[in-house]
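Reading through the structure tokens given below for one structure.
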Amino acid sequence: MARYQEIADDIRAKIKDGTYPVGSQLPSISRLQAEYVVSGLNTIRAAQQVLAEEGMLESRQGIGVFVTATESAREIDIPAAVAAARDTLTAVLAAFDAQARRSVTFDLDKIEDADFVLVESLREFAARQRDEAEHDADGNAESRLQWAECAESLAEMVDQA
């Protein structure tokens, strides 16, 4: 096995075990040369290039080489990863949808005349909103008409219950 490949394997292992965490900068080429007892800088560069091609390292001109992933892109089962991401997104969207839903349950039999009071209040509110929409004193005519329709729908639901 070529020396640069041995070095790449060792750096890969250090990335996986957390010695070099994602976001961290690798030691300089001269430091790595000393660590791996290599005289030529091209051997270290070749090792880094292998890991860069695998998506684990990124070289930033004039700054250094940084860890970008703990897994080699070659080791990733792309269809399985996409399926897992889809499943996660589906679960997140379902949770979001469930949290966004709001419902209120009334026991109309618990309080005498609750249904009457609720329906009359909703109808009164709807009438007031329609009246204010006609006179459009505050520029909210469209919203007021929507509120009136909502109140009327709620009143109808309570009437039917």
Side-chain angles (χ1 to χ4, degrees), residues 8-29 31-32 45 47-161:
D9 290 346
D10 189 61
I11 293 173
R12 186 182 303 104
K14 288 180 177 180
I15 290 171
K16 287 183 178 188
D17 76 12
T19 302
Y20 301 133
V22 171
S24 69
Q25 184 174 2
L26 286 185
S28 66
I29 289 180
R31 253 187 157 165
L32 291 171
R45 284 188 177 152
Q48 290 176 340
Q49 184 59 36
V50 166
L51 297 173
E53 289 170 2
E54 293 179 12
M56 296 180 78
L57 296 180
E58 177 183 283
S59 178
R60 297 181 192 155
Q61 187 68 32
I63 300 173
V65 177
F66 294 83
V67 178
T68 56
T70 58
E71 278 187 85
S72 168
R74 294 181 182 149
E75 296 172 356
I76 297 173
D77 179 356
I78 294 172
V82 169
R86 181 201 62 224
D87 292 347
T88 300
L89 285 173
T90 300
V92 167
L93 289 172
F96 181 72
D97 189 42
Q99 291 175 7
R101 292 185 192 158
R102 296 180 295 174
S103 64
V104 177
T105 304
F106 292 103
D107 182 355
L108 297 174
D109 294 328
K110 191 172 187 173
I111 301 172
E112 189 176 334
D113 297 326
D115 55 340
F116 173 77
V117 171
L118 185 56
V119 167
E120 288 304 310
S121 297
L122 288 166
R123 287 189 176 140
E124 183 181 318
F125 175 80
R128 189 171 58 248
Q129 294 308 311
R130 287 193 183 284
D131 184 54
E132 289 182 24
E134 273 185 40
H135 297 96
D136 195 18
D138 54 8
N140 289 327
E142 189 174 323
S143 294
R144 291 188 180 284
L145 290 173
Q146 287 176 347
W147 298 338
E149 288 175 21
C150 179
E152 289 164 346
S153 294
L154 289 170
E156 186 63 31
M157 290 169 66
V158 172
D159 259 348
Q160 292 175 1

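For the single chain, residues carry numbers from 1 onward in sequence order. These numbers were taken from a predicted model, which means no experiment stands behind them.
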Pairing residues for K14 by the side chain to side chain contact (heavy atoms under 4.5 Å, CB included) criterion, not counting sequence neighbours: D10, D17, T19, Y20, E35, Y36
How far does CD of Q146 sit from CG of N140, to the nearest 0.5 angstrom? 10.5 Å
For A141, enumerate each residue passing the side chain to side chain contact (heavy atoms under 4.5 Å, CB included) test, keeping only those at least two apart in sequence or located in another chain. A133, D136
L93 atom CG, neighbour heavy-atom count above 12 within 6.0 Å: yes
Minimum heavy-atom separation for P21 and S24, please, with both atom names. O-OG, 2.6 Å
Do other residues, nucleotides or ligands put more than 12 heavy atoms under 6.0 Å from E142 CD? no
Would you list the pairs meeting side-chain hydrogen bond (donor to acceptor under 3.5 Å, both in side chains) in which at least one residue belongs to residues 113-126, sequence neighbours left out? R123-D159
Does R128 have more than 12 heavy atoms from other residues, nucleotides or ligands lying within 6.0 Å of its CZ? yes
CZ (R144) and CG (D131) are apart, to the nearest 0.5 Å, by 10.0 Å
Does E58 have any side chain to side chain contact (heavy atoms under 4.5 Å, CB included) partners at least two apart in sequence or in another chain, and if so, which? R60, T68
My understanding is that only residues two or more places apart in sequence, or in another chain, count here; which of them pass salt bridge (Lys or Arg N to Asp or Glu O under 4.0 Å) with R130? E152
Specify the closest pair of heavy atoms between L32 and P27, including all atoms of both residues, with the distance to one decimal. CD1-O, 3.6 Å
Dump the intermediate steps for side-chain contact (heavy atoms from CB on, under 4.5 Å) on V65 and I29, then the final yes or no. CA-CA 9 Å; V65 177; I29 289 180; over 6 Å; no
Using the side chain to side chain contact (heavy atoms under 4.5 Å, CB included) criterion, which residues pair with E54? Sequence neighbours excluded. R12, V50, L51, M56, S72, R74
Atom pair CG (L154) and CG (L118), whose distance is rounded to the nearest 0.5 Å: 8.0 Å
Search all heavy atoms of L26 against all heavy atoms of Q48 and return the closest pair with its distance. CD1-NE2, 4.1 Å
On a heavy-atom basis, which atom in A126 and which in A151 lie closest, and how many Å separate them? CB-CB, 3.9 Å
